[in-house]
Each structure stands twice: as structure tokens, then as C-alpha cells.
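The structure appears below as C-alpha cells.
These numbers come from a predicted model, not from an experiment. Only this structure's heavy atoms are used, side chains among them; waters, hydrogens and symmetry mates stay out.
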Amino acid sequence: MTMQTVGRPTRPEDVQPLDTGFASLTGGRGLLQDEALIFERDGWGKTGVDLPAADATADDLGDLVRKSPIGLPGLSEPEAMRHYVRLSQKNHAIDLALYPLGSCTMKHNPRLNEKMARLAGFADLHPMAPLPTIQGALTLMDRLSHWLKTLTGMPAVALSPKAGAHGELCGLLAIRAAHEAKGDPRRRVLVPTSAHGTNPATAAFVGYSVTEIAQTDDGRVDLADLEAKLGPDVAAIMVTNPNTCGLFERDIIEIARLTHAAGAYFYCDGANFNAIVGRVRPGDLGVDAMHINLHKTFSTPHGGGGPGAGPVVLSEALAPFAPAPWVVHGHEGLTLVEETVEEAAQAFGRMSAFHGQMGMFVRAYAYMRSHGADGLRQVAEDAVLNANYIKARLSGVMTPAFPEGPCMHEALFDDSWLEGTGVTTLDFAKAMIDEGFHPMTMYFPLVVHGAMLIEPTETESKQELDRFCEALIALAQAAKAGDVDRFKGAPYLAPMRRLDETLAARKPRLIWKPEAGVAPAPLAAE
Ligand SMILES: *Cc1c(COP(=O)(O)O)cnc(C)c1O
């Protein structure tokens with residue numbers, strides 16, 4: 001069996017727990033109840049609120065007036081609450097257990113951040129409020145900019161990008177504007193084979209063609225290959241440091257030198273800044289632009305489609321092209337440069353309608369201030385120490401992809417230790433779910449066969465790391481002892497078993513259609 005051959009999700013009633021063969025009658029599992037879609041509940045015509053009937057009002061909709069019910073499910077207040085709490089129990093959460101995903105860094109959202117972000121003076125602002133009334137918010141943006149510039153050793157920062165990928169777009173747009181300003185539009189961007197998929201995608205989106213740079217046997221950029229591929233048509237290189245193999249690019253200064261000598265700019269993917277924050281300033285390495293995923297280094301919540309922030313720091317050469325807006329100190333306090341005229345005449349435009357994600361700025365700044373400069377330095381040290389602890393403990397049973405020397409913030413294993421067991425990386429990851437752990441990042445980076453990328457971050461204690469390592473060691477021993485069923489059918493204990501991930505990604509079912517007899521009949525025309 002290989003990846004994704006188990007097909008559509010099975011229902012909990014199909015689950016036969018490994019040990020007893022016991023399956024509950026309801027599909028519930030102990031105190032975890034099975035939960036249908038909110039629309040599939042028999043709740044039509046019921047409501048949790050008691051409102052007076054609306055006065056009859058004239059409408060201007062004519063023929064457009066809705067003739068069928070809107071189809072909202074009817075739930076009492078406790079039913080609504082329970083529905084969402086039960087759903088939340090089907091999910092893994094950073095507040096539940098260690099989250100070993102690699103290339104994702106932060107997995108802790110301090111409660112203090114949330115308290116700060118909810119202060120009315122930040123939370124209730126309107127982006128178009130008059131500047132004299134939002135001096136506090138502008139001050140916070142100014143202080144955050146100061147910290148980001150100081151930590152990276154770069155002279156300018158654009159706060160408005162909404163994610164790492166959006167930051168890459170911002171950086172490459174600045175690079176394109178800089179080349180165009182010199183009357184030398186270039187065509188190509190170089191990206192190492194181990195890069196995150198967003199790097200080549202961003203370059204292509206901006207209109208560049210992408211050339212891959214080879215990797216050395218020890219997981220770094222191949223300098224000779226880089227040198228051979230640099231040329232007068234290369235606009236930029238995009239290098240992640242530490243890279244997605246969890247390794248510091250030890251030739252980074254030479255990479256920057258070669259790049260600049262070819263007239264190109266050095267874009268650094270800063271997703272892994274967590275590993276070097278407070279210890280290494282990318283500006284000192286010759287970086288021209290770098291995004292900082294606030295959710296990966298400065299503890300703001302990750303994704304889920306929610307608001308994100310990926311500020312981009314820029315070198316002296318690119319600073320004039322930074323997108324509006326930014327905060328400046330004026331005669332009457334802080335103001336925003338909004339128009340691309342005068343001092344901002346070279347700005348390439350804007351990344352978003354307003355200033356960026358204020359709530360994330362507040363959280364990131366709260367995190368910086370609660371750690372202080374010395375604390376942030378220790379963040380990097382502890383993140384690297386924890387990853388090396390995992391690498392050392394698991395190396396007895398699993399095979400590190402790059403055994404030589406220490407790793408940075410994440411420990412990368414390949415699947416050669418599974419050879420002959422009949423168990424794949426995917427099977428192993430699914431079995432971790434049964435043990436109560438979210439799987440690590442798998443099959444990424446692509447340059448390592450059957451990759452398993454584990455990133456604990458600085459926030460895990462030794463006790464939590466030991467619990468995790470012991471679970472993985474026990475699983476690895478089971479795989480080697482031939483207990484293949486434990487893996488092939490896994491997860492046995494999750495609400496959903498194996499999903500057809502390709503189908504889910506390519507043809508997600510996003511629309512719920514009522515089955516006959518489930519939803520109420522259409523309203524009779526009035
Ligand atoms: C996460 C990540 C990105 C993309 O960042 P988003 O904030 O998810 O858009 C880019 N590169 C690397 C190496 C990453 O780990």
C-alpha cells in the first residue's frame with residue numbers, strides 16, 4: 001500500500017480499535033461524541049432566540065424577494081455551543097500537545113498577547129480614523145518597526161504584507177522596481193531545490209522565470225552551481241536561511257557577494273528567523289530583502305485563513321522602493337506616508353488597502369517586549385537546543401538526513417530507516433495520531449527521500465520533548481519489529497481515518513446540498 005490508497009474517510013462506526021475490537025454504538029468515543037454537520041441536524045424551524053415579529057416593511061426587491069427559506073439550521077443555545085465545542089475536539093491544537101511540524105516554527109500564542117490585542121484602544125480602531133486620534137497605534141507600529149529593523153540590521157521595513165508569501169511578493173516587487181529604475185529589467189530568479197514552494201511561485205507570479213540551484217550533499221546551496229547560473233539576466237536569488245533542511249547556509253556571505261557582483265539582489269526567506277533571532281542580523285550577511293512571518297518568530301497565531309502579517313525588511317538599496325504606507329515622525333506627532341509622491345516617489349505602490357494587521361502587530365510587539373532583547377536571543381538558543389535534543393534522541397532509531405554536525409531549529413530525518421519494514425513515512429505519521437501527537441512535516445523538503453521534518457521550538461520543556469521522543473521511539477521499534485498493521489490502518493483512533501488528500505485538495509466539497517426530506521420545503525409564495 002502506498003499513499004492515499006485507503007480512500008474516502010470512514011465513519012467512526014467503522015473503526016475497530018486495535019486492542020479490544022470494541023466499537024461504540026453511536027460512533028462516539030468515550031466522552032468524545034460523533035458530530036454531524038450543523039445542517040444535518042434535525043433542527044429546522046427551531047431557534048435559540050426569541051425576537052418580536054418584525055414590523056411589515058416595504059421592500060424594493062420585487063421579483064428578487066427570496067421564495068425559499070434561507071436554510072439556516074435551528075439550534076438552541078446549548079446545542080449551538082456543544083456543536084462547536086465537539087467540532088473543536090476533533091482538531092489538534094497547540095494548546096493540546098506538542099506540534100512537531102517543521103518549517104512552521106512558533107507554536108505558542110501567549111495569553112498576554114491576546115489580552116493586549118483586545119485593549120479597546122487597539123481593537124476598536126477604524127483604519128480611517130483621523131491620525132491625531134490614533135497616535136498610540138502609530139507609536140506601536142513605529143516601535144515594532146524599530147525592533148524589526150534592529151533585530152535584522154536592516155534600515156527599512158514594510159509592515160503591510162499579510163503573510164510570508166505576501167511578503168515574498170512585496171520583496172520581489174521592490175526588487176523589480178529597483179531594476180526597472182536602473183533601466184535594467186531582468187528576467188530570472190534563482191531558487192535552491194530545497195526552497196519552500198512559495199518561493200518559485202512568487203517569482204513566477206511577478207513574471208520572472210525560475211532557475212533551480214543545486215544542493216550539496218550536506219544540504220546547502222551549491223556555490224559552484226550558483227556561480228554558473230548567475231548572469232546579467234538574473235534579478236534575484238531567493239535563499240532561506242537557516243534553510244528548510246534545518247541547516248545554516250554557511251557560505252551565505254559568499255552567496256551575497258556573488259549575487260551582488262552579478263548585479264542581482266539577495267532575497268532571504270526569513271521563515272526560519274526564529275532560529276537566529278537576537279544572534280544573527282541578516283543585514284550583516286548582505287541580505288537585501290527578507291520577510292518575517294510574525295506567526296513563525298513572534299508568536300502571533302498561525303493561519304487558519306485568519307489575519308496574518310509578514311513584514312518585509314529592506315536594505316539601503318531597496319528602501320526607496322518600499323510600499324506605502326509607513327510611519328514617520330512629523331511636526332505634530334506621528335503620521336503615515338500614504339501617497340507615492342515626494343519622499344515616496346519611488347515606492348512601488350501598496351500591498352494592501354490599509355496599514356496591515358494591527359492585531360498581529362500588537363501581539364508581536366507584546367511578545368518582543370515580554371522577552372526583551374536578551375530573551376529573544378535565548379529564544380533562538382533554546383529553539384536550536386531543543387531541535388538538537390530531538391535529533392540526538394531519535395538518531396538511535398531513525399536516520400537523520402544530515403547526520404554531520406548539529407542542526408538549527410529543526411531536525412530532519414529521511415526514511416532509509418524504514419526500508420524493508422513495509423511502513424512508509426505517511427504510515428508512520430498517521431500512527432503518531434493514534435499516540436496523541438500531530439504528525440511532523442512529511443515529504444518536505446523534497447530533496448530528502450520520505451522526509452520527516454521535526455521542529456519543537458523553544459516553548460517545549462524537556463518533559464514534553466521526552467514524552468514525544470519516547471512515543472516516536474516506541475513506534476519506530478514497532479515498525480522495525482514487523483507490527484505493520486498498526487501503521488497501515490492508522491489512524492485507528494481519530495474521528496476521521498485516512499482521507500483522499502488529493503481529492504480533498506483538488507475537488508473539495510464546499511457546498512452542502514440538502515438531501516430530500518432533510519431541509520424544510522420551500523416557502524409557499526405569499
Ligand atoms: C511558511 C513558509 C513560507 C510561507 O509563509 P506563509 O506565512 O505561510 O505565507 C515561506 N517559506 C518558508 C521556508 C516557510 O516555512
Side-chain angles (χ1 to χ4, degrees), residues 1 3-49 69-101 302-306 426-439 442 471 475 485-521:
M1 215 186 303
M3 271 178 83
Q4 292 144 9
T5 51
V6 184
R8 299 293 301 157
T10 44
R11 295 250 125 218
E13 52 268 30
D14 301 332
V15 175
Q16 295 292 330
L18 266 187
D19 45 357
T20 61
F22 176 87
S24 72
L25 301 172
T26 55
R29 186 178 293 286
L31 297 177
L32 299 180
Q33 300 205 17
D34 190 25
E35 187 68 3
L37 287 183
I38 200 165
F39 298 99
E40 289 169 345
R41 303 168 57 97
D42 184 16
W44 306 102
K46 196 167 15 133
T47 174
V49 289
I70 193 168
L72 293 180
L75 287 88
S76 68
E77 188 171 309
E79 282 176 318
M81 185 61 75
R82 286 174 191 158
H83 175 71
Y84 288 106
V85 171
R86 285 175 194 158
L87 286 189
S88 77
Q89 290 175 322
K90 294 190 188 304
N91 240 333
H92 195 71
I94 52 171
D95 294 337
L96 216 52
L98 182 149
Y99 222 101
L101 279 178
H302 266 258
L426 181 83
D427 300 329
F428 188 76
K430 296 296 181 191
M432 285 171 66
I433 298 174
D434 285 334
E435 305 302 328
F437 290 101
H438 191 285
M442 20 164 208
L475 274 179
D485 287 347
R486 169 179 302 282
F487 297 91
K488 286 299 173 196
Y492 290 91
L493 304 176
M496 290 288 155
R497 305 280 306 275
R498 289 210 192 179
L499 305 177
D500 183 336
E501 288 162 23
T502 311
L503 193 68
R506 297 287 166 217
K507 289 191 185 170
R509 281 166 53 190
L510 300 175
I511 296 175
W512 177 80
K513 293 216 186 79
E515 285 168 34
V518 175

Atom pair [atom1] ([X]) and [atom2] ([Y]), whose distance is rounded to the nearest 0.5 Å:
X	Y	atom1	atom2	value
Met496	Ile433	CE	CD1	12.5 Å
Leu72	Ile38	CG	CD1	9.5 Å
Leu75	Met81	CG	CE	11.5 Å
Leu96	Gln89	CG	CD	9.5 Å
His83	Ser76	NE2	OG	12.5 Å

Shortest non-hydrogen contact from [X] toward [Y]:
X	Y	answer
Asp434	Ala494	OD1-N, 4.2 Å
Asp485	Tyr492	O-OH, 2.6 Å
Leu98	Phe437	O-CD2, 4.5 Å
Ala97	Gly436	CB-O, 4.1 Å
Met432	Pro100	CE-CG, 4.3 Å

What do the steps show when you test Leu475 against Arg486 for side-chain contact (heavy atoms from CB on, under 4.5 Å), and what is the final call? CA-CA 9 Å; Leu475 274 179; Arg486 169 179 302 282; 4.1 Å; yes
Those residues at least two apart in sequence (or on a different chain) that pass side chain to side chain donor-acceptor pair (under 3.5 Å) with Asn91 are none
[X]: side-chain contact (heavy atoms from CB on, under 4.5 Å) partners, not counting sequence neighbours:
X	result
Leu37	Glu40, Trp512
Arg82	Pro78, Arg86
Met442	Thr425, Leu426, Ala429

Side-chain contact test, heavy atoms from C-beta onward, threshold under 4.5 Å: evaluate it for Val85 versus Glu35 and give yes or no.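 Heavy-atom side-chain distance check fails, nothing below 4.5 Å.
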Tell me every residue that passes ring-ring contact (aromatic ring centres under 6.0 Å, His included) with Tyr99, counting only those two or more places apart in sequence or in another chain. His92, His438
Any donor-acceptor pair under 3.5 Å linking the side chain of Arg498 with the backbone of Gly489?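 Between the backbone of Gly489 and the side chain of Arg498 there is no qualifying donor-acceptor contact (under 3.5 Å).
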